[in-house]
There are 2 protein chains.
Amino acid sequence: MPSRDDGSAQLTGRGAVVTIADVAERAEVSTSTVSYALSGKRPISERTRERVMRAIADLGYHPHAGARSLASSQSNIIAVMVPLRTDMYVPVIMEILMAMTTAARTYGKDILLLTGDEGTDGVRRVAASGLADAALLMDVELHDERIPVLREISMPAVMVGLPSEAGELPCVDLNFEAAGEVCADHLADLGHDDVALIGVSASVYRRHTGFAARTVTGFMNRARERGLRATHRPCDGTFDSTAGTLTRILNERPATSGFVIQNEEAASQLMSLLRQFGRVVPQDVSVVAICPDQVALQSSPRLTSVPIPAEEMGRGAVRLAIMQLSGQATAGATLIPPRLVVRESSGVRVR
Amino acid sequence: MPSRDDGSAQLTGRGAVVTIADVAERAEVSTSTVSYALSGKRPISERTRERVMRAIADLGYHPHAGARSLASSQSNIIAVMVPLRTDMYVPVIMEILMAMTTAARTYGKDILLLTGDEGTDGVRRVAASGLADAALLMDVELHDERIPVLREISMPAVMVGLPSEAGELPCVDLNFEAAGEVCADHLADLGHDDVALIGVSASVYRRHTGFAARTVTGFMNRARERGLRATHRPCDGTFDSTAGTLTRILNERPATSGFVIQNEEAASQLMSLLRQFGRVVPQDVSVVAICPDQVALQSSPRLTSVPIPAEEMGRGAVRLAIMQLSGQATAGATLIPPRLVVRESSGVRVR
DNA sequence: TTGAAAGCGCTAACAT
DNA sequence: ATGTTAGCGCTTTCAA
């Protein structure tokens, strides 16, 4: 390799390679001083620090990530594993992912993307190769095979979702059980006594993906406590499925005047169908959705909803990972309390 | 730092650190032999290779990513920049992203996620720090500020989308102009002579995000060539907007019997509205959508559509990046030809 | 408050 | 076909 002190530009991928030695030379200090000025791990005189910073700016220096990771055994990379086939609504996944990426940058970390089909080997690989120093797992299942692996490799990890055997592993999720309760309460408060929950597809319930079942539990229990007649139906999100589900509910219980819908695809379809069936919202029936704001706002009328706090979940997961990285304890589940936003789709029952 | 030859397990993040030296010792070869056995950059006898592979498996060895990147100036990481606020339909972005991640792994690469709000500095940073050795830019705009940066840092890069000043930079996209043509042709072939394109929100057209305008161009030109009366309307995806757009079209041109819709949110709404307005699809009107299959399939009736080849776009972008990394030329645009899938929403015009 | 220098684990000449 | 070894650019003792 050509020596660098001839001042010629390098034609490698990195362009002109500026090293810490270059910075040290220009600032007339040692390389360790530059390193410490950057990390703050030992006191540096104000005068020296300024000279160093100046040199860094002048030369456009960026520390080499690989060298840093080799010397410090810290990659400053957080791996995020996203299942290929997920139970969650894709825009929510995306929003969480972006929130994670943004949050990670505020801690000087970057996000590495892993697909679920790399499976447990993916986690092992990035851990063993030192590629990442923490892992975030999205859309975890009740019995997730990645959980034992996480324990085994003892790498800081946070899960988005609520598995049953989380044990000491930290996780972040919306409190879906409380969300179900909030919805039941809202409808009960408005005087509705015959209510129905339209949920996600039956296959999701079968796969035991925590969140779906938890909403049902919260909703049904609270409905019973409030003395409501309540029922629950899955729905796979196609128009025909939504139409079938609604038809059956209205046939079996024509008096149903309150709906909770936890299915982003079906939400807007439900509104069209109610209109088509001659039910005016919110005069005849009230609808409460558990969905991202975007979905609630593009329906007509705009939906009263419990929003999915995607941004908060992403940010929270990163924060927990960073805490673990700095040795702080973070065990247990962080359940975000639901928030009810009342819009135009719910109102007092008119008899 | 404690020496490793005392056999004690390390309690760092990486657990028991297995190095190439450990593998070499166990296989009774030199470290370079292990390295070459892994990279294939020089011939290794079958017997030796087997011993090495055996040792690697026995010890559970994974090369240290940082060390590798330092020694080889190749990080094996590809950065992907996704805009925070995008014009594209989010599930499509996600599918492209996942396809990229999966494709990258087949080349032994990993994907690093960058948000658009890191802006041009983000690209500079990952390039200068050697964090990534190629960049993929999603949802590029017609005049994208990241393009000059890409040139300046001379890092292999591929764009998803079709900017106007692409120059020699490779990009991948669906041929939206041809997609517009295909839709016009399909409707013309079915005997429709009064047709309308319902597009994305006006703000997207204003932002000049290539794809939207290109579809309109292809559609309008081909419609004219085929002697159709054609019109074009933006739509922002809310139910009220879709209803308004449709109402206006039907008021101004009651004879309109062919619709092209390039708006995922509005597609299912449009079907409900047509039903509500008493138009039977496909007997009274035909609808062709430019949208992902998932959207086409969850509508009722299922939509004739030009699918967005998300998976192909993601895979193609990675392939082009890999080609550049290995020194092959890849200049210019790769426009994926549209495919028309006829389903139940289009049929011969009945007068 | 600062400097000198020994690695971190790997790759790629340069040997043989 | 294989071994030896000099770095890659940084962090972090150990010294001063």
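Atoms considered below: every heavy atom in the structure, side chains included; atoms not considered: hydrogens, waters and symmetry mates. The sequence lines fix the lettering, A, B, ..., with proteins before strands; numbering per chain opens at 1.
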Exercise. For Ala132(A), enumerate each residue passing the side chain to side chain contact (heavy atoms under 4.5 Å, CB included) test, keeping only those at least two apart in sequence or located in another chain.
Key: Ile77(A), Ala79(A), Val126(A), Met155(A)
Practice problem: Could you check how far NE2 of His64(A) sits from P of dG7(D), rounded to whole Å? | Solution: 17 Å
Exercise. Take the protein atom CZ of Arg68(B) and the nucleotide atom C1' of dG9(C), then report the distance between them rounded to whole Å.
Key: 11 Å
Quiz item: How long is the line joining CD1 of Ile20(A) and P of dT2(C), in whole Å?
Solution: 15 Å
N/O donor to acceptor pairs below 3.5 angstrom from side-chain atoms of residues 327-334 of chain A, sequence neighbours left out:
| unit_1 | atom_1 | unit_2 | atom_2 | d |
| --- | --- | --- | --- | --- |
| Gln328(A) | NE2 | Ser326(A) | OG | 3.1 |

Quiz item: With sequence neighbours left out, what residues match Arg49(B) under side-chain hydrogen bond (donor to acceptor under 3.5 Å, both in side chains)?
Solution: none
Quiz prompt | From dG9(C), dG3(D), dC10(D), nucleotide with atom closest to Arg42(B) side chain | solution = dG3(D)
Practice problem: Begin from the C-alpha positions of Ile56(A) and Leu38(A) and carry the test side-chain contact (heavy atoms from CB on, under 4.5 Å) through to its verdict. | Solution: CA-CA 10 Å; Ile56(A) 289 177; Leu38(A) 245 24; 3.5 Å; yes
Quiz item: Looking at five pairs on each end of the helix from dT1(C)-dA16(D) to dT16(C)-dA1(D), what is the angle between the two axes, given to 10 degrees?
Solution: 30°
Self-check item: Nearest-angstrom distance from the residue atom CG of Asn76(B) to C1' of dT11(C)
Solution: 12 Å
Quiz item: Can you name the residues that form a side-chain hydrogen bond (donor to acceptor under 3.5 Å, both in side chains) with Arg125(A), not counting sequence neighbours?
Solution: Glu118(A), Asp110(B)
Practice problem: Within residues 45-57 of chain B, find the residues that approach DNA chain D with a heavy atom at under 4.0 Å, and present them sorted by residue number. | Solution: Ser45(B), Thr48(B)
Quiz item: Should the pair Asp58(A)-Arg54(A) be classified as a salt bridge under the 4.0 Å nitrogen-to-oxygen rule?
Solution: yes
Practice problem: Take atom CG of Leu131(B) and atom C1' of dG9(D), then tell me their distance rounded to the nearest Å. | Solution: 14 Å
Exercise. Grab the CD-P distance between Gln74(A) and dT11(D) for me, whole Å please.
Key: 11 Å
Quiz item: What pairs with Ser39(A) under side-chain hydrogen bond (donor to acceptor under 3.5 Å, both in side chains), at least two apart in sequence or on another chain?
Solution: none
Quiz item: Using a heavy-atom distance cut-off of less than 4.0 Å, which residues of residues 25-39 of chain A contact DNA chain D?
Solution: Ser32(A), Ser35(A), Tyr36(A)
Quiz prompt | Length of the CG-P vector between Asp22(B) and dG9(C), whole Å | solution = 9 Å
Self-check item: Any residue meeting side chain to side chain contact (heavy atoms under 4.5 Å, CB included) with Ala103(B), in chain and number order, not counting sequence neighbours
Solution: Arg315(B), Val318(B)
Self-check item: d(NZ, Lys41(B); C1', dG3(D)) in whole Å
Solution: 18 Å
Quiz item: By side-chain hydrogen bond (donor to acceptor under 3.5 Å, both in side chains), which residues pair with Glu152(B), not counting sequence neighbours?
Solution: Arg124(B)
Quiz item: Who are the side chain to side chain contact (heavy atoms under 4.5 Å, CB included) partners of Asp133(A), not counting sequence neighbours?
Solution: Gln74(A), Ser75(A), Leu325(A)
Practice problem: Please list all pairs passing the salt bridge (Lys or Arg N to Asp or Glu O under 4.0 Å) test where one or both residues lie in residues 76-85 of chain A, with sequence neighbours left out. | Solution: Arg85(A)-Asp87(A)
